[in-house]
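Take a look at the structure below.
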Amino acid sequence: MRFQGKRAIVTGGNRGLGRSFASRLAGEGGRVMIAGRDQADLAATAADIQAAGGECRYQPTDVTQPEQVAALVQATVEAWGGVDILINNAGGSMDVPKTAIEEITPDDWDKVVALNLRAVYLCCRAVAPLMKAQRSGKIVNLSSMAARLGGTITPLQYSSSKAAIITFTRHLAQELGPYGINVNAVAPSVILSGPRVRKMWDERLSEQEKDAFLKRSSLRRLGTVEEITGPVLFLCSQEAGFITGVTLDVNGGMFSV
Ligand SMILES: NC(=O)c1ccc[n+]([C@@H]2O[C@H](COP(=O)([O-])OP(=O)(O)OC[C@H]3O[C@@H](n4cnc5c(N)ncnc54)[C@H](O)[C@@H]3O)[C@@H](O)[C@H]2O)c1
């Protein structure tokens, strides 16, 4: 089992992509702490993972709040004595519409950037001392194809913060590499991970725009949750031991046409 005994935190692990990362980690022997804002959802996901034989706990957390992030890491240390893997998955455009720049309010700017950039900084900051002391660790951050191309269905503040994740990842990889810590990112294209993304895909693009989007991809299709989970778990594994500072584009070849 690839993750036997490994202690992992998955932010936003209650649903969507994060739920898949958490389930697969636990299914391969990992001990997984899922964090998110919705207690009932967290409890239900943790119960499902346990029912499948996996080790999973949960900690209600707003990842934009430093005290709550500290409590999340503390709860993981109390449960299992340390943190080996951090997947910074919580993110999204928080139902903020994609509008012209002059219509973006400073509040809408700040809240989306807080979730997609500040939270990643806060979580990395909280685990770094532990990982440095144990001289090992794997951090994977969720960027987005929007970072490379601009948002298709997401607003400017989302693509900007996901682009910042790419440089954040490279910088932190340089800083933490001497301690044996790998820091990487994955940049998925649109993945219909749940009702929230499906609604945005359906409501924000006409059929013609969807068709044009798919034609830009070499594989001519959207990816699946499983097709993002594999690359993310690879970067969490020892097989990726010599990879750091990289943002892996998982988008069906969106750049090659
Ligand atoms: N699905 C896609 O098309 C896609 C594409 C590129 C990147 N991504 C990125 O992948 C990640 C997961 O996306 P998803 O499709 O599963 O989205 P989702 O909306 O289904 O899940 C987002 C998760 O983040 C959690 N979350 C939101 N705000 C939070 C907060 N303040 N504190 C703690 N948790 C919070 C939610 O509870 C949820 O578990 C996000 O970072 C997203 O930006 C998704």
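Indexing begins at 1, ligand by ligand and atom by atom, following the structure's order. The first residue in the sequence is number 1, and the count goes up from there.
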Counting heavy atoms only, which of [options] is nearest [atom]?
atom                    : options         : result
atom 17 (O) of ligand 1 : M94, R196, R118 : R196
atom 15 (O) of ligand 1 : A90, A114, S193 : S193
atom 7 (C) of ligand 1  : P60, G18, S143  : S143

Numbering the atoms of ligand 1 from 1, which are under 4.0 Å from a heavy atom of [X]?
X    : result
L115 : 28 (N), 29 (C), 30 (C), 31 (N)
V190 : 3 (O)
G16  : 16 (O), 20 (O)
G92  : 43 (O)
G36  : 33 (C), 34 (N)
G91  : 22 (C), 24 (O), 40 (C), 41 (O), 43 (O)

Give me the residue, atom name and distance of the protein heavy atom closest to [atom].
atom                    : answer
atom 43 (O) of ligand 1 : Y158 OH, 2.6 Å
atom 20 (O) of ligand 1 : R15 NE, 3.3 Å
atom 1 (N) of ligand 1  : I191 O, 3.0 Å
atom 10 (O) of ligand 1 : L17 CD1, 3.5 Å
atom 5 (C) of ligand 1  : S189 O, 3.3 Å
atom 33 (C) of ligand 1 : T61 O, 3.2 Å
atom 23 (C) of ligand 1 : G12 CA, 3.9 Å
atom 41 (O) of ligand 1 : N89 O, 2.7 Å

* Under a single-linkage definition using a 4.5 Å side-chain heavy-atom cutoff for Ile, Leu, Val, Met, Phe, Trp and Tyr, are L233 and I243 assigned to the same hydrophobic cluster? ->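 Result: yes, single cluster for both.
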Does one side chain, of [X] or [Y], offer a donor that lies under 3.5 Å from an acceptor on the other?
X    : Y    : answer
N141 : T169 : yes
Q238 : K138 : yes
D107 : T105 : no
R19  : T45  : yes
T154 : S93  : no

Under 3.5 Å donor-acceptor, [X] side chain and [Y] backbone:
X    : Y    : answer
E209 : S206 : yes
N182 : G241 : yes
T61  : Q59  : yes

* M145 contact mode with ligand 1 (heavy-atom cut-off under 4.0 Å) ->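 Neither; nothing of M145 gets under 4.0 Å from ligand 1.
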* ligand 1 versus T11: contacting region, heavy-atom distance under 4.0 Å ->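 Contact part for T11 vs ligand 1: neither.
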* Asked: From F21 CZ over to I228 CD1, what is the distance, rounded to the nearest 0.5 angstrom?
  ->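 Reported value, rounded in 0.5 Å steps: 7.0 Å.
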* Asked: Could you state the interatomic distance from CG (N116) to OG (S143), rounded to the nearest 0.5 Å?
  ->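 Going from the CG atom of N116 to the OG atom of S143 covers 9.5 Å.
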Do any nitrogen or oxygen atoms of [X] lie less than 3.5 angstrom from nitrogen or oxygen atoms of ligand 1?
X    : result
G13  : no
V197 : no
S144 : no

* Closest heavy-atom pair and its distance - G92, R196 ->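 Smallest interatomic distance, heavy atoms only, reads CA-NH2, 4.4 Å.
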Would [X] count as a contact residue for ligand 1, given that I'm defining contact as a non-hydrogen atom of the residue lying under 4.0 Å from a ligand atom?
X    : answer
G194 : no
D38  : no
W201 : no

* Asked: Is it true that atom CD of Q39 has more than 12 heavy atoms of other residues, nucleotides or ligands lying nearer than 6.0 Å?
  ->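 Counting neighbours around CD of Q39, 12 or fewer heavy atoms of other residues, nucleotides or ligands fall under 6.0 Å, so no.
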* To do: From the options Q134, E175, R135, K132, select the one residue that forms a side chain to side chain contact (heavy atoms under 4.5 Å, CB included) with I181.
  =>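 The passing option is K132.
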* Determine, using ring centers only, whether F213 and W201 are less than 6.0 Å apart. =>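 Yes, close enough.
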